[in-house]
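Bear in mind the structure is a predicted one, so any value in this text is a computation, not a measurement. Hydrogens, waters and symmetry mates play no part in the numbers below; they use all other heavy atoms, side chains included. Below, chain A is the first sequence line, B the second, and so on; all start at residue 1.
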Number of protein chains: 2
Amino acid sequence: MRLSLNKAVMGNCIINDNKTAIFNAFLKTKWLKLTWELEKILQKIMEMDEHFLPEDLIQYFEQAGNERISRATVYRTLKLLEEASIINSFHINDDFKKYERIKAHHDHMICNECGKIIEFYDERLERIQKEICDEYGFKADSHIMNITGKCIDCRNKR
Amino acid sequence: MRLSLNKAVMGNCIINDNKTAIFNAFLKTKWLKLTWELEKILQKIMEMDEHFLPEDLIQYFEQAGNERISRATVYRTLKLLEEASIINSFHINDDFKKYERIKAHHDHMICNECGKIIEFYDERLERIQKEICDEYGFKADSHIMNITGKCIDCRNKR
DNA sequence: AGCCTTATTGAGACTGAGTCTCAATATAAA
DNA sequence: TTTATATTGAGACTCAGTCTCAATAAGGCT
């Protein structure tokens with residue numbers, strides 16, 4: 001079932017872009033090995049919609065016809081990918097932990113009527129946030145801003 | 001074990017401040033009843049440190065010597081209190097759902113070395129956030145901003 | 001104060017996301 | 001190719017949070 005990951009396979013693997021380098025570097029620093037499973041999971045994440053649940057991946061890799069990867073490995077890999085800053089996680093409505101792959105930094109508006117997630121980015125927020133941290137002598141390495149409320153579509157619906 | 005909640009008991013109950021009115025009004029709108037358990041939980045929350053876990057309350061109410069309130073009731077009541085905007089919840093480090101009682105609105109800096117939570121409030125953030133929402137036609141009813149990183153004490157430690 | 005309807009409670013079973021274990025296997029480096 | 005070490009999968013396990021349901025309490029009404 002498991003395939004060996006030789007040079008030929010690596011040659012046309014999906015993560016053969018600039019993320020590979022970043023990720024390999026990260027793996028090296030952690031003395032980790034690049035496995036076939038890790039590659040497949042990364043590939044799938046790249047294909048998926050931006051926000052996904054661990055369970056989405058698990059189901060995919062359990063479906064007949066697809067390569068099988070265990071739930072344990074999916075969770076383990078997600079942690080690695082997050083540490084390597086290739087994906088991000090956040091909570092919505094206190095329910096599930098969702099992931100998204102990192103593109104540019106952005107924050108979220110979450111409609112608690114239809115569940116839609118709107119991404120936005122505002123330079124001013126970033127700047128002010130930095131100023132606040134400086135004031136407190138706090139060295140930020142990331143932040144999350146989630147605004148919950150009602151989106152324009154749901155507001156117009158009545 | 002359970003006590004009846006008559007006028008006399010109500011007379012010197014702890015929630016006999018302005019929060020009582022708010023909360024009673026809320027209970028009315030939901031056709032809920034003010035119970036002895038609910039009161040005790042609210043009282044304990046007022047005494048507790050600002051940030052607490054459901055488990056903190058559960059343990060307290062399981063300890064010999066204290067009034068006993070079941071874990072189910074604790075969880076149920078926390079949900080009610082959150083709906084009534086008396087407490088707030090948020091996630092830290094993707095682990096647990098923490099609660100805090102609402103004082104003034106504020107955001108968080110979370111040190112991922114010592115776990116300390118620093119609260120801050122900045123008017124500019126609030127204003128800009130409002131502007132962004134307006135742009136998107138989004139009607140916000142709350143937001144969470146958590147900045148993670150290293151606090152000044154931990155930075156000085158080396 | 002007592003009655004009556006309806007909401008709330010507690011005990012404990014249950015759920016399900018996430019973790020852990022460990023033998024088998026794959027990787028990387030020499 | 002060999003060797004040392006990291007990773008995998010299956011499934012048991014954990015534990016925060018939910019659910020069920022019979023017993024009980026709250027609150028409105030008289």
Side-chain angles (χ1 to χ4, degrees), chain A residues 1-10 13 23-42 52-59 61-62 66-83 89-99, chain B residues 1-10 13 23-42 52-59 61-62 66-83 89-99:
Chain A
M1 186 65 81
R2 228 104 43 82
L3 299 177
S4 164
L5 190 65
N6 59 32
K7 281 242 170 59
V9 172
M10 286 296 289
C13 88
F23 195 62
N24 265 325
F26 169 77
L27 290 176
K28 282 267 168 59
T29 69
K30 302 269 274 179
W31 301 99
L32 298 172
K33 293 169 182 176
L34 177 58
T35 64
W36 174 83
E37 287 85 355
L38 196 152
E39 248 192 288
K40 282 295 167 188
I41 291 172
L42 197 45
F52 61 92
L53 299 168
E55 214 52 45
D56 297 333
L57 287 174
I58 290 164
Q59 273 180 29
F61 289 113
E62 266 173 2
N66 299 334
E67 293 95 346
R68 317 203 95 255
I69 298 182
S70 74
R71 109 187 268 90
T73 300
V74 168
Y75 277 109
R76 278 188 290 234
T77 304
L78 286 174
K79 277 198 166 172
L80 284 180
L81 293 173
E82 186 168 17
E83 272 188 83
S89 73
F90 56 99
H91 279 266
I92 294 219
N93 294 338
D94 309 320
D95 292 340
F96 299 108
K97 184 172 180 173
K98 271 205 169 186
Y99 286 91
Chain B
M1 187 64 82
R2 229 97 48 84
L3 299 177
S4 163
L5 192 64
N6 59 31
K7 281 243 170 59
V9 172
M10 286 296 290
C13 87
F23 195 63
N24 265 324
F26 169 78
L27 290 176
K28 282 267 169 59
T29 69
K30 303 269 273 178
W31 301 100
L32 297 172
K33 294 170 180 175
L34 178 57
T35 64
W36 174 83
E37 286 85 354
L38 195 152
E39 248 193 288
K40 282 295 168 189
I41 290 171
L42 197 44
F52 62 92
L53 298 169
E55 214 52 45
D56 297 333
L57 288 175
I58 290 165
Q59 273 180 29
F61 288 113
E62 266 173 0
N66 300 333
E67 294 95 346
R68 317 204 94 253
I69 298 183
S70 72
R71 106 187 271 90
T73 300
V74 169
Y75 277 108
R76 279 189 289 235
T77 304
L78 286 174
K79 277 198 166 172
L80 284 180
L81 293 173
E82 186 168 17
E83 272 188 82
S89 73
F90 57 99
H91 279 266
I92 296 220
N93 294 337
D94 309 319
D95 291 339
F96 299 108
K97 183 173 180 172
K98 271 205 167 183
Y99 286 91

Legend entry - Under-4.0 Å side-chain N/O to phosphate OP1/OP2 contact, A:Thr35 with D:dT8: yes
Inset, instruction - Using the test side-chain hydrogen bond (donor to acceptor under 3.5 Å, both in side chains), find all partners of B:Glu55 that sit at least two apart in sequence or belong to another chain. - result: B:Arg71
Inset, instruction - List in chain and number order the residues that pass side-chain hydrogen bond (donor to acceptor under 3.5 Å, both in side chains) with A:Gln59, two or more places apart in sequence or in another chain; answer none if no residue qualifies. - result: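 A:Gln59 satisfies side-chain hydrogen bond (donor to acceptor under 3.5 Å, both in side chains) with no residue once adjacent residues are dropped.
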Look for any protein N or O under 3.5 Å of an N or O in nucleotides 11-18 of chain C and output each such pair with its distance, or none.
unit_1 : atom_1 : unit_2  : atom_2 : d
C:dG18 : OP2    : A:Tyr75 : OH     : 2.8

Legend entry - Residue A:Lys33, side-chain heavy atoms: nucleotide from D:dG9, D:dT5, C:dT6 that is nearest: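 Of D:dG9, D:dT5, C:dT6, D:dT5 is nearest to the side chain of A:Lys33.
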Return the value, rounded to whole Å, for the distance between atom [atom1] of [X] and atom [atom2] of [N].
| X | N | atom1 | atom2 | answer |
| --- | --- | --- | --- | --- |
| A:Glu39 | C:dA28 | CD | P | 10 Å |
| B:Asn66 | C:dG10 | CG | C1' | 17 Å |
| B:Glu62 | C:dT9 | CD | P | 16 Å |
| A:Leu34 | C:dA29 | CG | C1' | 15 Å |
| B:Trp36 | D:dT24 | CH2 | P | 16 Å |
| B:Lys40 | D:dA25 | NZ | C1' | 17 Å |
| A:Ile58 | C:dT19 | CD1 | P | 10 Å |
| B:Glu67 | C:dT9 | CD | P | 15 Å |

Inset, instruction - Look at the side chain of B:Thr77 and the backbone N and O of B:Thr73, then say whether any donor-acceptor pair between them is shorter than 3.5 Å. - result: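 Yes: the side chain of B:Thr77 pairs with the backbone of B:Thr73.
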Legend entry - Degree of bending in the helix from C:dA1-D:dT30 to C:dA30-D:dT1 once both end axes are built from five pairs, to 10°: 50°
Legend entry - CA sep, side-chain torsions, deciding dist, call: A:Trp36, A:Glu67, side chain to side chain contact (heavy atoms under 4.5 Å, CB included): CA-CA 11 Å; A:Trp36 174 83; A:Glu67 293 95 346; 3.6 Å; yes
Inset, instruction - Work out which heavy atom in A:Lys33 is nearest to a heavy atom in A:Leu38; give both atom names and the distance. - result: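 Residues A:Lys33 and A:Leu38, closest heavy atoms: O-CD1, 4.4 Å.
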Inset, instruction - Looking only at non-hydrogen atoms, find the nearest pair between B:Ile41 and B:Val74 and report the distance. - result: CD1-CA, 4.0 Å
Legend entry - With B:Glu62 via salt bridge (charged side-chain N to carboxylate O under 4.0 Å, His left out) - residues at least two apart: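 Once residues adjacent in sequence are excluded, B:Glu62 has no partner under the salt bridge (charged side-chain N to carboxylate O under 4.0 Å, His left out) criterion.
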Legend entry - Distance (rounded to the nearest 0.5 Å) between A:Leu57 CG and A:Tyr75 OH: 10.0 Å
Legend entry - Minimum side-chain heavy-atom gap B:Tyr99-B:Leu78 below 4.5 Å: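 A side-chain contact under 4.5 Å exists here.
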